[in-house]
Novice: 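Below is one structure. I have some questions about it.
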Amino acid sequence: MINITLPDGAVRQYEAGVTAMDIAKSISEGLARKVLAAKVNGQVVDAARPITTDSTLQLLTWSDAEGKSTMWHSSAHLMAEALESLYPGVKFGYGPAIEGGFYYDIDLGGRTISDEDLRKIETKMNELAKANNVYDRKEVSKVEALEYFTKKGDEYKIETINELEDGKITFYTQGNFTDLCRGPHIPSTGFIKAIKLTNIAGAYWRGNEKNKMLTRIYGVTFPNQKELDEHLFLLEEAKKRDHRKLGKELELFTFSEKVGLGLPLWLPKGALLRERLQAFLQKAQLDLGYLPVVTPHIGNVNLYKTSGHYEKYGKDSFQTIHTPEEGEEFMLKPMNCPHHCEIYKASPKSYKDLPVRFAEFGTVYRYEQHGELHGLTRVRGFTQDDAHLFCRPDQVKEEFMKVIDLVLYVFNSLSFTEYTAQISLRHQTDRDKYIGTEENWNLAEQAIIEAAAEKGLNTVTEYDEAAFYGPKLDFMVKDALGRKWQLGTIQVDYNLPERFELEYIGADNQRHRPVMIHRAPFGSLERFIAVLIEHCGGKFPLWLTPTQVKILPISDKSQAYAEKVAELLKNAEIRAEIDDRSEKIGKKIRETELAKVPYMLVLGEKEAADNKVAVRRQAKGDLGAMDLEQFISLVQEEVTNRKSFE
RNA sequence: GCUGUUGUAGCUCAGGGGUAGAGCACUUCCUUGGUAAGGAAGAGGUCGAGAGUUCAAUUCUCUUCAACAGCUCCA
């Protein structure tokens with residue numbers, strides 16, 4: 001008999017060789033129907049794997065992330081089976097589970113497939129799922145494995161097997177399909193109840209563009225139809241909220257081929273929204289002792305040679321521009337920090353002056369590959385809400401914590417309530433790509449880890465994600481549709497102060513080197529606004545929205561009263577517009593609703609006579625008539641408290 | 001940058017080897033209407049750009065530019 005410890009701490013005894021599925025059945029049949037895989041002593045395995053020694057056991061179901069990924073991985077196999085039956089001779093690359101589904105890279109031997117084919121493949125998959133074939137695991141020798149795939153003529157699998165260690169190779173078979181696979185898998189295909197193949201794309205074998213381009217088919221599966229429907233609904237909703245679509249509809253920004261790709265043009269409404277965001281952050285920063293600075297859009301190439309950016313990114317930047325007479329070289333500013341370092345150097349600093357915090361909404365230009373450009377989230381010219389804090393080594397942690405507070409204040413003010421932070425450290429072994437000493441790196445990494453812990457942030461730690469000059473703390477927010485976005489960033493930098501030979505005079509009357517912290521709560525205004533648009537679906541909070549109130553006179557007879565109301569709103573610093581077209585009120589309301597203007601004031605002879613306004617809230621409807629003063633205080637209260645739309 | 005798909009009016013889209021289509025938006029006129037589309041008339045396009053095939057190309061072919069999806073990249 002062996003002891004099995006369950007997650008709640010309960011210990012049960014079973015015969016050696018018992019499987020997770022047996023144990024599930026011994027607990028309840030209902031549970032057994034839901035078990036997709038098991039975690040035995042921390043390792044995810046098939047529910048049918050015999051357990052031979054005392055172990056801890058966690059049964060994995062659809063509600064566990066590992067349960068989902070096991071199901072999706074098995075779904076990739078199911079899709080492969082369907083493909084093989086529909087397109088004999090197809091060869092298979094990799095077919096993993098990914099966040100939100102799975103894909104399989106396949107070589108169709110010159111054949112192409114379309115969206116209609118996806119429906120055919122789905123149908124076949126459903127058929128095979130209903131057959132409820134078991135995913136059967138088999139250990140094979142390297143020779144056997146090679147023999148099998150040589151016979152099949154699948155060079156991709158052969159290449160993969162050649163890199164595997166003999167004795168650790170397993171095959172999984174379901175129905176008529178056998179694949180090289182480490183596993184684990186769900187018990188049988190019948191657990192897959194709802195299938196959607198989402199799209200087709202090209203992908204290089206092993207992600208290397210020198211290799212052959214394979215066809216990648218993406219899909220997602222669920223244990224019931226309802227969850228698939230919800231998933232499809234979210235996809236629809238995401239499409240509706242796409243910031244590129246809303247940006248056009250709400251007249252926030254545009255692009256012009258003539259101006260250049262990746263260079264957004266802000267339309268008046270978008271520009272005003274942007275300025276309000278800037279003003280909001282600027283006020284918060286002034287309160288926290290930041291000092292505004294302004295620097296030019298170009299800088300002498302020597303500036304970036306000093307900073308190290310030229311060496312690292314010069315080839316991938318916009319090329320330098322030259323003065324006609326002297327032949328001096330300038331670069332478009334890819335970063336604000338070198339300029340800020342020079343500002344720091346403009347006057348001698350005492351330890352009493354520190355920390356010094358220079359803030360600038362600095363527009364930077366970076367060459368991004370053509371295929372990378374995407375709406376406002378990936379552009380070639382963008383404005384960072386940048387600041388650089390120069391402090392003493394003993395101030396790093398405290399400054400870092402203050403920045404964390406600021407970032408969270410910004411998120412909360414914009415109703416991003418779910419966020420995590422990623423601590424990005426060096427690669428654990430490969431350290432050639434970093435600038436700076438081992439000692440400084442260790443100090444910086446430690447400061448971040450401690451500050452994040454003391455602030456009680458929900459963090460994940462990633463190695464090999466640090467910038468070349470220092471470790472960082474990146475904030476990821478979850479938007480209203482549950483999608484994750486990377487926004488703000490805080491980075492410790494021991495490198496630039498060294499390169500720019502920044503100094504301060506200490507209490508000991510000696511020269512010391514300050515530490516620099518880069519930080520940007522929004523990251524880039526462009527990207528942030530894109531995320532904000534999608535988060536709120538274009539229904540901006542009242543304090544940010546371009547037009548707060550639309551005044552809708554019922555007919556010309558109410559025009560004079562409408563103008564009077566508009567004047568009073570303007571005096572109260574409320575952004576209002578009058579729709580004075582000779583259209584019917586129904587049409588004006590419809591258009592204002594679609595333009596997502598939060599408040600409408602329907603003004604007719606009745607309101608004029610009573611000196612009132614009839615208030616309508618976007619998406620909610622008629623709120624009834626009230627005194628104008630009452631409406632103004634309603635709006636002002638909502639603005640002051642930075643309420644989210646709903 | 002690579003692979004695939006797409007490019008027709010300001011927007012959303014239909015069409016198709018022989019004088020270019022709709023709805024919305026726009027302009028003018030009529031209408032003065034009470035909480036999600038009142039009516040009429042008008043204007044608006046080198047069918048992304050360049051070349052080729054053809055008597056004839058917006059339509060077919062090639063090249064190119066851009067957008068979209070994915071891959072690779074991201075200070």
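Chain letters run A, B, ... following the sequence lines, proteins first and then strands; every chain starts at 1.
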Novice: Would A:R216 and A:D105 satisfy salt bridge (charged side-chain N to carboxylate O under 4.0 Å, His left out), going step by step from the backbone distance to the final call?
Specialist: CA-CA 4 Å; A:R216 175 171 295 180; A:D105 284 345; 2.7 Å; yes

Novice: Measure up the A:H340 and A:H388 rings against each other and bin them: parallel (under 30°), tilted (30 to 60°), perpendicular (over 60°).
Specialist: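 Aromatic pair A:H340/A:H388 classed perpendicular.
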
Novice: Flag this pair as yes if the NZ/CZ of A:R426 is under 6.0 angstrom from the six-membered ring centre of A:Y463 and inside a 45 degree cone about the axis; otherwise no.
Specialist: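 A:R426 over A:Y463 ring: no.
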
Novice: Over all heavy atoms of both residues, which pair between A:C341 and A:L502 is shortest? Give the atoms and the distance, please.
Specialist: O-CD2, 3.6 Å

Novice: Could I get the full list of salt bridge (Lys or Arg N to Asp or Glu O under 4.0 Å) partners for A:E462, not counting sequence neighbours?
Specialist: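 None.
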
Novice: What integer number of Å spans the P atoms of B:G17 and B:A57?
Specialist: 14 Å

Novice: Should A:E591 and A:R581 count as an ion pair when the cut-off is N to O under 4.0 Å?
Specialist: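 Here A:E591 pairs with A:R581 in a salt bridge, since their nearest N and O are under 4.0 Å apart.
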
Novice: Distance between the P atoms of B:C30 and B:U46, in whole angstroms?
Specialist: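 It works out to 33 Å between them.
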
Novice: Counting Watson-Crick and G-U wobble pairs with both distances under 3.5 Å, what is the dot-bracket string for RNA chain B, 5' to 3', using [ ] for crossing pairs and | for pairs to another strand?
Specialist: (((((((..((((....[..)))).(((((.......))))).....(((((..]....))))))))))))....

Novice: Take nucleotides 70-75 of chain B nucleotide by nucleotide from the 5' end and write B, S or -, depending on whether a protein heavy atom sits under 4.0 Å from the base, only from the sugar-phosphate, or from neither.
Specialist: BBBBBB

Novice: Of A:Y104, A:W205, A:Y103, which is the lone residue that meets ring-ring contact (aromatic ring centres under 6.0 Å, His included) with A:F92?
Specialist: A:Y104

Novice: If we take the C1' atom in both B:A67 and B:A36, what is their distance in whole Å?
Specialist: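 About 32 Å, rounded to a whole number of Å.
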
Novice: Using the C1' atom as the reference point in each nucleotide, state the distance between B:G15 and B:G70 in Å, no decimals.
Specialist: 30 Å

Novice: Using the C1' atom as the point on both nucleotides, what is the distance between B:U27 and B:C13, in whole Å?
Specialist: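 Looking at atom C1' only, B:C13 and B:U27 are 24 Å apart.
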
Novice: Taking the P atom of each, how far is B:G4 from B:A43, in whole Å?
Specialist: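 Pairwise P distance, B:G4 against B:A43, rounds to 44 Å.
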
Novice: Compare every heavy atom of A:K333 with every heavy atom of A:T363, then report the nearest pair and how far apart it is.
Specialist: O-CE, 3.3 Å

Novice: For B:C68 and B:C62, measure between their C1' atoms and round to the nearest Å.
Specialist: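 Result for the C1' pair: 23 Å, nearest Å.
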
Novice: Run A:D627 and A:K612 through salt bridge (charged side-chain N to carboxylate O under 4.0 Å, His left out) and show every step you take.
Specialist: CA-CA 5 Å; A:D627 290 333; A:K612 290 194 177 239; 3.6 Å; yes

Novice: Checking side-chain polar atoms at under 3.5 Å, does A:R206 have a donor or acceptor matched by the opposite partner on A:Y94?
Specialist: yes

Novice: Taking the ring of A:Y344 and the ring of A:F358, is the distance between their centroids below 6.0 Å?
Specialist: no

Novice: Take atom P in B:G33 and the same atom in B:G38, then report the distance between them in whole Å.
Specialist: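 Rounded to whole Å, the distance is 14 Å.
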
Novice: Residues in salt bridge (Lys or Arg N to Asp or Glu O under 4.0 Å) with A:D580, at least two apart?
Specialist: none

Novice: Let's see if you get this right: which residues in residues 240-257 of chain A place a heavy atom under 4.0 Å from RNA chain B?
Specialist: A:R244, A:K248, A:E257

Novice: Is it true that A:Y599 and A:E638 share a donor-acceptor pair across their side chains at a distance under 3.5 Å?
Specialist: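 Their side chains do contain a donor-acceptor pair, which is all the 3.5 Å distance test asks for.
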
Novice: Check the surroundings of atom NZ in A:K345: do more than 12 heavy atoms from other residues, nucleotides or ligands lie under 6.0 Å from it?
Specialist: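 Atom NZ in A:K345 is crowded, with more than 12 foreign heavy atoms closer than 6.0 Å.
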
Novice: Whole angstroms only, please: what is the CD1-P distance between A:I106 and B:U3?
Specialist: 19 Å

Novice: Summarise protein proximity over nucleotides 33-44 of chain B in one line of letters, 5' to 3': B for base, S for sugar-phosphate only, - for none, counting protein heavy atoms closer than 4.0 Å.
Specialist: BBBBBB------

